Enquirer: 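Dumping the structure here so I can ask a few things about it.
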Amino acid sequence: MPELPEVETIRRQLDPQLRGAEIVGADAHWSDKFSPALDAIGSTITEVRRRGKYLLFALDEREAQLELVAHLGMTGSFHIEDASPTSGAHGNPEIGDIKVGNIKIDAFGPHCRALWRFADGRMLRFDDIRRFGRLRVVDAGDYAAIPTLSQMGPEPFDPAFTGKSLHSLVKKSNRAIKTQLLSQRPVAGVGNIYADEALFLAGIHPRSKRVGLERCVLLAETVRDVLQTGVDNGGTTLRDYVDATGRSGSNQHSLLAYGREGEPCVSCGTEMRSTVIDARTSTFCPTCQKH
DNA sequence: CCAGCAGCCTGAAAGC
DNA sequence: TGCTTTCAGGCTGCTG
């Protein structure tokens, strides 16, 4: 499931490839989640950014500055297709023949949800097996229609994210610390895997509702640590995640808590346990992680 | 305003 | 073997 490290890995691959790409056609799955892909037709990608788990494609459309906002959900992935060998008699795309408007996505597999065709003949494909992903074109920076994005907390590597900033939000809420991390409000980009990892390393029980300043300072550090390690390892692949080149990540080999129910804690040897918080499995060490 | 939760989705794996 | 059930979970939007 793509969290910050996975989305950042994809962003770093897409950005240099897509700068300057002019979108001359698009097609999408009929659903409201994906059909906004068509709104990007006629604009040029200037940059691929990231905010939390969202990919933001900056779009230049004559005078207007737009953004294609993409969330990968659970199983979303982006891939760049080279110029189709069937376009043009000698394998060269003939720009003049490219049709502006719909392109049938069916030919690109049962899980293709959107497809953008560029003036240079290349294509950007968005696959999403379970359709938890979402696409939207908005005025640049206008996230009013995307609640989670508009209320998103600081990026974990932003100096604005500190133990103190974390504590000031955490103390106002009566929700479990894990619920708060997943809300994206104290810090952007943390999902179920990295939340379990960060809480384990900080010695904090996922259900804890009382996390003082000292423990928040530690938690802010472990959040940054696990996300940085995730980025360094190219993301975590448990089931479906692949980067924009189709490769799996390797961070799954570094996980100390997530998915280790029944195995011994790497620190004290106690059997790791699982509980369900907000309909998500949470694995923790009952000895090391305190309320 | 906040907390809690149903609903969205498909495919792999487990259960019968 | 083949069918049914369970599980994975980020975000939206509704309810109390």
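Bear in mind the structure is a predicted one, so any value in this text is a computation, not a measurement. Per chain, numbering begins at 1; letters A, B, ... match sequence-line order.
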Enquirer: Parallel under 30°, tilted from 30 to 60°, perpendicular over 60°: which one fits the rings of A:H71 and A:Y54?
Expert: perpendicular

Enquirer: Can you tell me how far P of C:dG10 sits from CE of A:M152, to the nearest Å?
Expert: 13 Å

Enquirer: Identify which nucleotide among C:dA8, C:dC11, B:dT10 has an atom closest to any side-chain atom of A:K53, counting heavy atoms from C-beta outward.
Expert: C:dC11

Enquirer: Check every atom of B:dA3, C:dC11, B:dT10 against the side chain of A:H111 and return the nucleotide holding the closest atom.
Expert: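 Per side-chain heavy atoms of A:H111, the pick is B:dT10.
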
Enquirer: Look at the side chain of A:R130 against the base of B:dC9 and say whether a donor-acceptor pair falls under 3.5 Å; ignore hydrogens and angles.
Expert: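 It does, because a donor-acceptor pair links the side chain of A:R130 to the base of B:dC9 below 3.5 Å.
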
Enquirer: Under 4.0 Å between any heavy atoms, over every strand shown, what does A:P2 touch: base, sugar-phosphate, or nothing? Just pick one.
Expert: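 Nothing: the residue A:P2, judged by heavy atoms under 4.0 Å, touches no strand.
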
Enquirer: Less than 4.0 angstrom from a charged side-chain N to a carboxylate O is my criterion; do A:R224 and A:E221 meet it?
Expert: no

Enquirer: Before we go on, tell me: are the rings of A:F57 and A:F78 under 6.0 Å apart, centre to centre?
Expert: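 Close enough - the centres of the two rings lie under 6.0 Å apart.
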
Enquirer: Provide, to the nearest angstrom, the distance between the CD1 atom belonging to A:I277 and the C1' atom belonging to B:dG4.
Expert: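 Going from CD1 in A:I277 over to C1' in B:dG4 covers 14 Å.
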
Enquirer: Taking atom P of B:dA3 as reference, at what distance in whole Å does atom CG of A:L182 sit?
Expert: 14 Å

Enquirer: Remember a base hit wins even if backbone is also touched, and classify A:S173 as base, sugar-phosphate or nothing at under 4.0 Å, heavy atoms.
Expert: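 If one applies the 4.0 Å heavy-atom cut-off, A:S173 turns out to touch the sugar-phosphate alone, with no base involved.
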
Enquirer: If each of A:S183 and A:R239 is mapped to the nucleotide of DNA chain C with the nearest heavy atom, which maps nearer the 5' terminus, i.e. the 5' end?
Expert: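 Final value for this comparison: A:R239.
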
Enquirer: Under the salt bridge (charged side-chain N to carboxylate O under 4.0 Å, His left out) rule, collect the residues that match up with A:D196, sequence neighbours excluded.
Expert: A:K178

Enquirer: Under 4.0 Å between a side-chain nitrogen and a carboxylate oxygen: does that hold for A:E261 and A:R273?
Expert: no

Enquirer: Rounded to whole Å, how long is the line connecting atom CE of A:M74 with atom P of C:dT12?
Expert: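 Computing the A:M74:CE to C:dT12:P distance gives 15 Å.
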
Enquirer: Quick check on C:dG10: is either OP1 or OP2 less than 4.0 Å from any side-chain nitrogen or oxygen of A:Q184?
Expert: no

Enquirer: Quickly work out the A:R280 CZ to B:dA6 P distance and round it to whole Å.
Expert: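 In whole Å, B:dA6 P and A:R280 CZ are 14 Å from each other.
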
Enquirer: Just do the side-chain hydrogen bond (donor to acceptor under 3.5 Å, both in side chains) check on A:T275 and A:S282 with the steps written out, would you?
Expert: CA-CA 5 Å; A:T275 185; A:S282 300; over 6 Å; no

Enquirer: Rounding to an integer number of Å, can you tell me how far A:N174 CG sits from B:dA3 P?
Expert: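 It works out to 6 Å between those atoms.
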
Enquirer: Using a 4.5 Å cut-off on heavy atoms from C-beta on, say whether the side chain of A:H79 contacts that of A:V242.
Expert: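 The answer is yes; the side chains approach within 4.5 Å.
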
Enquirer: For the side chain of A:R185, counting heavy atoms from C-beta on, which of B:dG11, B:dC2, B:dA3 is nearest?
Expert: B:dC2

Enquirer: Roughly, in whole Å, what's the span from CG in A:D240 to P in B:dG11?
Expert: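 For the pair A:D240 CG and B:dG11 P, the rounded distance is 10 Å.
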
Enquirer: State the dot-bracket string of DNA chain C. Criteria: Watson-Crick or G-U wobble, both atom distances under 3.5 angstrom; notation: ( ) intrastrand, [ ] crossing earlier pairs, | interstrand, . unpaired.
Expert: .|||||||||||||||

Enquirer: When you get a sec, tell me which of C:dG10, B:dC9, C:dT12 is the closest nucleotide to the side chain of A:E3?
Expert: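 So the nucleotide nearest the side chain must be C:dG10.
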
Enquirer: Describe the nucleic acid contact of A:T281 in one word from base, sugar-phosphate, nothing, applying a heavy-atom distance below 4.0 Å.
Expert: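 The answer is sugar-phosphate, as A:T281 gets under 4.0 Å only of primed atoms, P, OP1 or OP2.
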
Enquirer: Hey, is A:R130 close enough to A:D128 for a salt bridge, meaning N to O under 4.0 Å?
Expert: no

Enquirer: From the list B:dT10, C:dT12, B:dA3, which nucleotide is the closest neighbour of the side chain of A:R175?
Expert: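 Looking only at side-chain atoms, A:R175 lies closest to B:dA3.
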
Enquirer: Choose from B:dC8, B:dT10, C:dG13 the nucleotide whose nearest atom is closest to any side-chain atom of A:I129.
Expert: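 Among the listed nucleotides, the one closest to the side chain of A:I129 is B:dT10.
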
Enquirer: Rounded to whole angstroms, how far apart are CG on A:L72 and P on B:dC9?
Expert: 17 Å

Enquirer: How would you label the contact of A:L149 with the nucleic acid (heavy atoms, under 4.0 Å): base, sugar-phosphate, or nothing?
Expert: nothing

